[in-house]
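Below you'll find the structure, written out as structure tokens, and then a few comments.
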Amino acid sequence: DQLNIKADGRVVSQSNAHSWINYDQSGTIVIRDSYNVSSITDAATGYAKVYFDVDHGQSYYAAAGMAGNNKRLNNDGEGLNSAYLALYTWTAGGGGQADESRVFAVTFGDTA
């Protein structure tokens, strides 16, 4: 299949994003908008877990993101999990983990 439209309206193909999210973690964590995201957990300062509505088919998917206010965003060695994406925000210059008001992430890969 090159393009598959699911009963729930999701369009599945290798060229479409599997998921994306725009969230604020600066106080109580808030999802501003998202696609194929069921929930988000504020796991610690500067650390969030983004759970997918429909999991990735495996843990070898591509993820990219950014954080505002001179912060950097990474997966920090936790590795990718087919059910969620772990994201860490850090202050610029290695000042440690810090919550951020503007965080954006997207994943591409097979669907479960």
Side-chain angles (χ1 to χ4, degrees):
D1 292 338
Q2 295 297 316
L3 178 70
N4 190 342
I5 301 174
K6 300 292 188 180
D8 62 5
R10 289 180 302 115
V11 177
V12 179
S13 80
Q14 287 293 329
S15 63
N16 289 14
H18 176 270
S19 69
W20 58 263
I21 189 168
N22 174 330
Y23 69 93
D24 178 351
Q25 190 181 7
S26 62
T28 300
I29 201 162
V30 174
I31 297 174
R32 290 189 186 98
D33 202 0
S34 66
Y35 171 73
N36 195 34
V37 171
S38 61
S39 64
I40 188 168
T41 300
D42 190 346
T45 299
Y47 174 36
K49 287 185 177 182
V50 178
Y51 291 88
F52 306 122
D53 262 334
V54 176
D55 293 352
H56 276 279
Q58 34 70 24
S59 60
Y60 300 108
Y61 57 88
M66 63 183 197
N69 295 327
N70 296 317
K71 302 277 193 315
R72 63 184 176 92
L73 178 71
N74 70 4
N75 187 252
D76 200 42
E78 181 165 332
L80 298 175
N81 183 296
S82 62
Y84 67 87
L85 175 63
L87 296 172
Y88 296 81
T89 51
W90 299 79
T91 58
Q97 286 179 218
D99 287 342
E100 172 54 48
S101 63
R102 297 175 295 154
V103 185
F104 320 97
V106 61
T107 67
F108 290 87
D110 293 331
T111 299

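Atoms considered below: every heavy atom in the structure, side chains included; atoms not considered: hydrogens, waters and symmetry mates.
Summarising the geometry of Glu100 relative to Ala67, their closest heavy-atom pair is CG-CB, 3.9 Å, with the distance given to 0.1 Å. Taking every heavy atom of both residues into account, Ser82 and Asp55 meet most closely at O-CB, 3.3 Å. When all heavy atoms are compared, the tightest approach of Ala98 to Thr45 is CA-CG2, 4.0 Å. Contact record, Ser26 with Asp99: CA-CB, 4.1 Å, taken as the closest heavy-atom pair.
Atom CZ of residue Phe108 and atom OH of residue Tyr61 lie 13.0 Å apart, to the nearest 0.5 angstrom. Put simply, OH on Tyr84 and NE2 on His56 are 13.0 Å apart, with the number rounded to the nearest 0.5 Å. In this structure, OH in Tyr51 is found 11.0 Å from CG in Leu85, a value given to the nearest 0.5 Å. How far OH of Tyr47 is from CD of Gln97: 9.0 Å, rounded to the nearest 0.5 Å.
Between Asn81 and Ser59, every side-chain heavy-atom pair lies at or beyond the 4.5 Å cut-off. Considering only heavy atoms from C-beta on, Val37 stays 4.5 Å or farther from Tyr23 through its side chain.
In terms of modelled atom types and a separation under 3.5 Å, the side chain of Thr107 and the main chain of Ala63 share no donor-acceptor contact. Looking at Asp42, its side chain never comes within 3.5 Å of a backbone N or O of Gln25 through a donor-acceptor pair. No donor-acceptor pair closer than 3.5 Å links the side chain of Asp24 to the backbone N or O of Arg102. Under a 3.5 Å cut-off, the side chain of His18 and the backbone N or O of Ala62 do not form any donor-acceptor pair.
Linking Ile, Leu, Val, Met, Phe, Trp and Tyr whenever their side-chain heavy atoms come within less than 4.5 Å puts Leu80 and Ile21 in one cluster. Both Ile31 and Phe52 are part of a single hydrophobic cluster, where members link through side-chain heavy atoms under 4.5 Å apart.
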- [ ] Run the numbers on Trp20 and Asp33 for side chain to side chain contact (heavy atoms under 4.5 Å, CB included), then give the verdict.
- [x] CA-CA 8 Å; Trp20 58 263; Asp33 202 0; 3.5 Å; yes

